[in-house]
Number of protein chains: 2
Amino acid sequence: MRKEAMERRNEILDVADELFGQKGFDGTSTNDILEKVGIARGTLYYHFKSKEDIMDALIERYNAQILGTAKEIAANKSIPVNERIIRVVMSLNISDGNGKEIMDHIHKPQNALMHQKIQKVIINGLPPILTEIIREGIEQGLFNTPYPYECMEMIVAYTNTVFDDDMVDITDEERAARIPAFVFNVERLLGVESGSLMYMMKMFGNGD
Amino acid sequence: MRKEAMERRNEILDVADELFGQKGFDGTSTNDILEKVGIARGTLYYHFKSKEDIMDALIERYNAQILGTAKEIAANKSIPVNERIIRVVMSLNISDGNGKEIMDHIHKPQNALMHQKIQKVIINGLPPILTEIIREGIEQGLFNTPYPYECMEMIVAYTNTVFDDDMVDITDEERAARIPAFVFNVERLLGVESGSLMYMMKMFGNGD
DNA sequence: TTTTTATCGACAGACAGTCGGTCTATATTG
DNA sequence: CAATATAGACCGACTGTCTGTCGATAAAAA
């Protein structure tokens, strides 16, 4: 019945995560959440100051999970630069730890605000991580660009919108057709020979 | 008192436009709208089936205005390719006709859903228009890329997020510093010599 | 014992959308 | 031409839902 604040907080967050994923933020009422957790109205508002506060806390969690894993991989200099880039990008998709795919939850309709906030986390958090790897690559003579950060920003911004189900109206086939073009463009941006980044296409095995 | 359906509809849309711009979509109640228009609740719902329906109609309007102007300019083959690109991009910002800057309204906080819907219109509508111009440029030997469409898509996706006030947390100075890097990257994407697109920097006189 | 922390649930206020009905201009008919 | 029917625009009270508040209460800590 009575629990530590942090435990309750996480219980609420877990339920909110599930419900927002199913019905979206607007489609989920605070009642839905507190009933499923099994607490009273006042208790919910004892732990969170508003419904949006719940979402922000949830995003904070995602943030830590998603970017934390990415950072870890990026810092592991024992992995070759090429391979590390791939692993960082792929780590964005499947994390969560419990099998649930975070990104799947986000790309639901009716979650505009959440979607926007996550996008913001990614567009601000991911380029710095990737840029570090690219810098190493430049030192090793693998890449060649005077603006590694802006390159990464462009690439992240692009994948985040075009490979986002509810942003661009294209079929899966059309989206698949975008990939070689994307790789080609990335090659130009990073100043490498055409075709030399083809191996990166395996990143697109799943979603993003 | 009694008016043609289309007239009323536009009256409501005008007020909604103003109010959404001031207080955001969520911050504006249907009461706010109908009071300012001077009609009863039922009347509002006689013309629109829901609050979101009002927003969709508003976006439809923007869509027509924004992309319509862009299309017009893009089709005017008497303007040289280089100049035409600049004009198309600049037309996105100031249109509206009555001095109000559409884009300013959109980049308000609390408008996540609207923001997303407009982004969608742009990311789907603008690249085809620009691609046509780029194709001309390729024929004229100005540009060189096998993937003009995807190039434009990338550029539009990038400018739409990075030069969007509430998406990337940077100061105006930092944002200004992004511009030369952006131009450099565009030059690479379009396969032109470094420095040859510098003249395009004048596009960034105002906002986007 | 006193204070702090977690919990409860009734309540207020706001808001989106509904519905039955009204009013008026225009068309139809006797 | 006058009586009447029709349809389109409009009204406003009402419903149900939802978020956030508050004072009371119980349990644990100090």
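So that the names make sense, note that chain A is the first sequence line, chain B the second, and so on, each numbered from 1.
By the 30° and 60° cut-offs, the orientation of the rings of B/Phe182 relative to B/Phe163 is perpendicular.
Residue A/Asn31 contributes atom CG, which lies 16 Å from atom P of D/dG16 at whole-angstrom precision. Nucleotide D/dC10 holds its P atom 11 Å from the CG atom of B/Leu44, rounded to whole Å. Counting to the nearest Å, the P atom of D/dA9 and the CD1 atom of B/Ile12 are 11 Å from each other. Following rounding to the nearest Å, A/Leu34 (CG) and C/dA6 (P) show an atom-to-atom distance of 18 Å. In this entry the distance linking NZ of A/Lys3 with C1' of D/dA26 reads 17 Å, nearest Å. Atom pair B/Arg9:CZ and D/dG8:P shows a separation of 16 Å (rounding to whole Å applied). Taking atom CD1 of residue B/Ile33 and atom C1' of nucleotide C/dC15, one finds them 12 Å apart after rounding to whole Å. Across the protein-nucleic acid pair, B/Ile39 atom CD1 and D/dA13 atom P stand 16 Å apart, rounded to whole Å.
By the 4.0 Å N-to-carboxylate-O rule, B/Glu83 lies close enough to B/Arg87 to be salt-bridged with it. Classification of B/Arg9 and B/Glu4 as a salt-bridged pair fails, no side-chain N sitting under 4.0 Å from a carboxylate O. B/Asp56 and B/Arg61 are not joined by a salt bridge, as no carboxylate oxygen comes within less than 4.0 angstrom of a charged side-chain nitrogen.
Checked against C/dC8, C/dT5, D/dC10, the side chain of A/Arg2 finds its nearest nucleotide in C/dT5.
Projected onto DNA chain D by closest heavy-atom contact, B/Gly42 and B/Glu4 fall at different nucleotides, the more 5' of which corresponds to B/Glu4. Comparing B/Met6 and B/Arg41 along DNA chain D, the residue whose closest nucleotide (by nearest heavy atom) sits nearer the 5' end is B/Met6.
Rounded to the nearest 0.5 angstrom, B/Asn63 CG and B/Leu58 CG are separated by 11.5 Å.
Listed by residue number, B/Tyr46, B/His47 are the residues of residues 45-61 of chain B with a heavy-atom contact under 4.0 Å to DNA chain D.
Dashed line: the shortest gap from a side-chain N or O of A/Thr30 to OP1 or OP2 of D/dT19 is under 4.0 Å.
Across B/Val162, B/Thr161, B/Leu189, B/Thr159, a single residue satisfies side-chain contact (heavy atoms from CB on, under 4.5 Å) together with A/Met154, and that is B/Leu189.
A/Thr43 comes within contact range of at least one nucleobase, with a heavy-atom separation under 4.0 Å.
A donor N or O paired with an acceptor N or O is not found under 3.5 Å between the base of C/dA6 and the side-chain atoms of A/Arg8.
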Discussion item. Using salt bridge (Lys or Arg N to Asp or Glu O under 4.0 Å), reason through A/Lys117 and A/Glu52 one step at a time and then give a plain yes or no.
Written reply: CA-CA 11 Å; A/Lys117 289 189 175 185; A/Glu52 188 166 349; 2.8 Å; yes
